[in-house]
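Letters A, B, ... are given to chains in the order of the sequence lines, protein chains preceding strands, and every chain is numbered from 1.
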There are 2 protein chains.
Amino acid sequence: MKVSAIITLKKDVLDPQGKVIHQTLDGMGFKGVNEVRQGKYFEIDVKENDPKKAQKIVEDMCNKLLANLVIENYKIIEIQ
Amino acid sequence: MKVSAIITLKKDVLDPQGKVIHQTLDGMGFKGVNEVRQGKYFEIDVKENDPKKAQKIVEDMCNKLLANLVIENYKIIEIQ
């Protein structure tokens with residue numbers, strides 16, 4: 001199954017990359033932007049046909065490798 | 001409204017970053033992985049209360065700045 005996960009910075013953590021994108025968009029004429037936050041996206045194809053087990057495996061990967069839980073959150077957004 | 005967009009490499013484009021993550025997961029004992037693809041995630045808060053217009057604005061941003069359409073695809077996944 002393919003499991004999609006998103007990793008985002010926690011709310012109170014500064015996102016300098018997002019700020020630069022915000023400024024660039026502003027400079028390009030996109031004036032109505034309040035905030036831009038950037039994150040990471042992973043699509044992991046695991047050899048597991050049970051959606052719940054596949055989700056568990058990817059959550060485990062997020063906890064152990066993909067996300068830095070001190071400053072980041074992760075969310076599984078799709079399993080197919 | 002907050003619009004969330006995902007930017008991924010097109011299917012036939014090599015993803016060396018994903019490959020490294022795949023190898024690392026393998027080394028950590030996650031043996032049942034077929035493929036890992038990495039992408040980017042953006043959460044853009046725009047001053048626009050109409051969901052359709054907000055989506056249009058962010059699509060425009062993806063076309064002009066956020067995505068490299070030669071090698072990447074984008075997808076709006078959430079508007080709230």
Side-chain angles (χ1 to χ4, degrees), chain A residues 1-11 13 15 17-50 53-67 72-78 80, chain B residues 1-11 13 15 17-50 53-67 72-78 80:
Chain A
M1 310 216 71
K2 273 191 186 174
V3 183
S4 303
I6 278 174
I7 294 175
T8 49
L9 285 168
K10 290 189 180 175
K11 267 190 185 170
V13 179
D15 180 3
Q17 225 173 334
K19 272 223 164 120
V20 171
I21 294 166
H22 186 172
Q23 287 164 7
T24 308
L25 286 169
D26 197 70
M28 290 172 72
F30 291 103
K31 296 297 182 191
V33 180
N34 290 322
E35 200 189 13
V36 178
R37 305 276 291 175
Q38 208 198 331
K40 280 173 279 184
Y41 169 77
F42 295 98
E43 208 176 275
I44 300 173
D45 189 358
V46 290
K47 288 177 195 132
E48 174 59 65
N49 293 320
D50 179 341
K53 282 186 189 165
Q55 172 162 359
K56 276 266 164 68
I57 293 169
V58 174
E59 282 175 353
D60 203 22
M61 291 173 181
C62 287
N63 283 320
K64 289 183 180 159
L65 177 73
L66 304 175
E72 292 171 327
N73 289 322
Y74 66 86
K75 199 166 101 182
I76 308 294
I77 57 163
E78 205 180 4
Q80 62 183 12
Chain B
M1 308 214 74
K2 273 192 186 172
V3 182
S4 302
I6 277 174
I7 294 176
T8 49
L9 285 168
K10 289 187 180 176
K11 269 190 182 169
V13 179
D15 179 3
Q17 225 172 333
K19 270 221 166 126
V20 172
I21 295 166
H22 186 171
Q23 286 164 5
T24 309
L25 286 169
D26 197 69
M28 289 171 75
F30 291 102
K31 296 296 181 192
V33 181
N34 289 322
E35 199 189 13
V36 179
R37 306 275 293 173
Q38 208 198 333
K40 281 173 278 183
Y41 169 77
F42 294 99
E43 208 176 273
I44 300 174
D45 188 358
V46 290
K47 290 177 192 128
E48 174 60 65
N49 292 320
D50 179 342
K53 283 185 188 167
Q55 174 163 359
K56 276 265 163 69
I57 293 170
V58 174
E59 282 175 353
D60 202 22
M61 290 173 181
C62 287
N63 284 318
K64 289 182 181 162
L65 177 72
L66 303 176
E72 293 171 326
N73 289 322
Y74 66 85
K75 198 165 105 184
I76 308 294
I77 56 163
E78 204 181 5
Q80 61 183 11

Portion of A/Ile44 that has a non-hydrogen atom of chain B nearer than 4.5 angstrom: both
Side chain / backbone / both / neither for A/Glu48 at chain B, heavy atoms under 4.5 Å: neither
Check: A/Asn49 side chain, A/Met1 main-chain N or O, donor-acceptor pair, under 3.5 Å: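 Not a single qualifying donor-acceptor pair exists.
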Polar side-chain atom of B/Arg37 near backbone of A/Tyr41 as donor-acceptor pair, under 3.5 Å: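 No, B/Arg37 side chain to A/Tyr41 backbone: no donor-acceptor pair under 3.5 Å.
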Report, one line per pair, each donor and acceptor closer than 3.5 Å where one atom sits in a side chain of residues 19-34 of chain A; sequence neighbours left out.
residue : atom : partner : partner atom : Å
A/His22 : NE2  : A/Val33 : O            : 3.1
A/Thr24 : OG1  : A/Val20 : O            : 2.7
A/Lys31 : NZ   : A/Asp26 : O            : 3.1

Sub-4.5 Å side-chain heavy-atom contact between A/Ile77 and B/Ile6: yes
Residue pair A/Val3 / A/Ile57, side-chain heavy-atom distance below 4.5 Å: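 Side chain of A/Val3 against side chain of A/Ile57, heavy atoms only: no contact under 4.5 Å found.
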Side chains of B/Glu72 and B/Tyr74, donor plus acceptor under 3.5 Å: no
Non-hydrogen atoms of A/Glu43 and A/Ser4 that approach each other most closely: CG-OG, 3.9 Å
Chain B-proximal positions within residues 58-67 of chain A [heavy-atom distance under 4.5 Å]: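 Under the 4.5 Å heavy-atom cut-off, A/Asp60, A/Met61, A/Lys64, A/Leu65, A/Leu66 qualify.
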